[in-house]
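In listed order, ligands and their atoms are each counted from 1.
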Amino acid sequence: MKVAALFAAFAVSANAFAPTSSFTNSVSLSAAPRSASALQMNAAERTYIMIKPDGVQRGIVGNIISRFETKGYKLVAMKTKQASQELLDTHYCDLVEKPFFPKLRDYMMSGPVCCMVWEGKEAVVTGRKMLGATNPLASEPGTIRGDFCIEVGRNICHGSDSVENANKEIALWFEESELVDWESHSKDWIYE
Ligand code: RTP
Ligand code: MG
């Protein structure tokens, strides 16, 4: 009997130190302005991040992955790929009429790209902040472009600019079966 009581007491105290379940508890314990489903949707937001051929050639892939990992985002898919002209025409469909587009397409086809899907709360807008401004000379130090490049035509990494475009780009570059739905063991240490 004494052993059982001791075990029960230990279970209660151990529970006090355990991280709480992220989404359900944060919604029920606080007067959060968003609904549980909105919070869950937000935490599952996905962005398409693509390291361009210069980033791959210069060996910056690991550093960029590390930034997204250590921020707390979850890697849902990753692969290297040689982009085709058709794929790039679709991906940059809003830029095909721009005078710089032929150069952009040649640059993007000059070697393999590294395609990734990262998931987490506000992944799209935060991914863009982590990338920095399109022109690397205008990018803040500490951002990917601010730290690693100089020219707009060699700006090493792409990031989706809206949730809508992220979903389109993910569907363009990945098969549905390549997106892995998994639960991070760190989630309760990243989200309250
Ligand atoms: P990205 O799509 O690659 O993430 O870049 P972004 O949103 O910051 O910029 P966007 O306007 O979408 O331009 C796409 C890429 O085209 C090249 N660019 N060159 N020469 C130029 O004036 C010029 N402007 C844009 C850059 O590589 C830019 O990232
Ligand atoms: Mg863009």
Check this for me - ligand 1, [X], N or O atoms closer than 3.5 angstrom, yes or no?
X    : answer
T134 : yes
V152 : yes
G159 : yes

More than 12 heavy atoms from other groups under 6.0 Å of CD1 on I150: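 Atom CD1 in I150 is not crowded, with 12 or fewer foreign heavy atoms closer than 6.0 Å.
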Heavy atoms from other residues, nucleotides or ligands near CD of E151 exceed 12 (cutoff 6.0 Å):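 Open.
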Nearest-neighbour protein heavy atom for [atom], which is reported as residue plus atom name and distance:
atom                    : value
atom 17 (C) of ligand 1 : L104 CD1, 3.8 Å
atom 12 (O) of ligand 1 : L95 CD1, 3.8 Å
atom 18 (N) of ligand 1 : F100 CE1, 3.5 Å

Part of K103 with heavy atoms under 4.0 Å of ligand 1, whether side chain, backbone, both or neither: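 It is neither part, as no heavy atom is under 4.0 Å.
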Region of R128 engaging ligand 1 - heavy atom pairs below 4.0 Å: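 For R128, the contact with ligand 1 is made by the side chain alone.
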Give the atom numbers and elements of ligand 1 that come within less than 4.0 Å of a heavy atom of [X].
X    : answer
Y92  : 1 (P), 2 (O), 3 (O), 14 (C)
K52  : 3 (O), 27 (O), 28 (C), 29 (O)
N155 : 26 (C), 27 (O), 28 (C), 29 (O)

Of the non-hydrogen atoms in [X] and [Y], which two are nearest, and what is the gap between them?
X    : Y    : value
V124 : A166 : CG2-CB, 4.0 Å
L75  : W182 : O-NE1, 2.8 Å
R145 : P136 : O-CB, 3.8 Å

Charged tip of K79 within 45° of F174 ring normal and under 6.0 Å: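 The answer is yes, since K79 meets both limits relative to F174.
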Parallel, tilted or perpendicular: rings of H158 and Y48 (30°, 60°):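 Geometry flag for H158 against Y48: tilted rings.
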Any side-chain donor near an acceptor of the partner, Y73 and T126, under 3.5 Å: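 Indeed, the side chains of Y73 and T126 share at least one donor-acceptor pair under 3.5 Å.
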Selected option - heavy-atom contact closest to atom 5 (O) of ligand 1, from R105, R145, H158: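 That would be R145.
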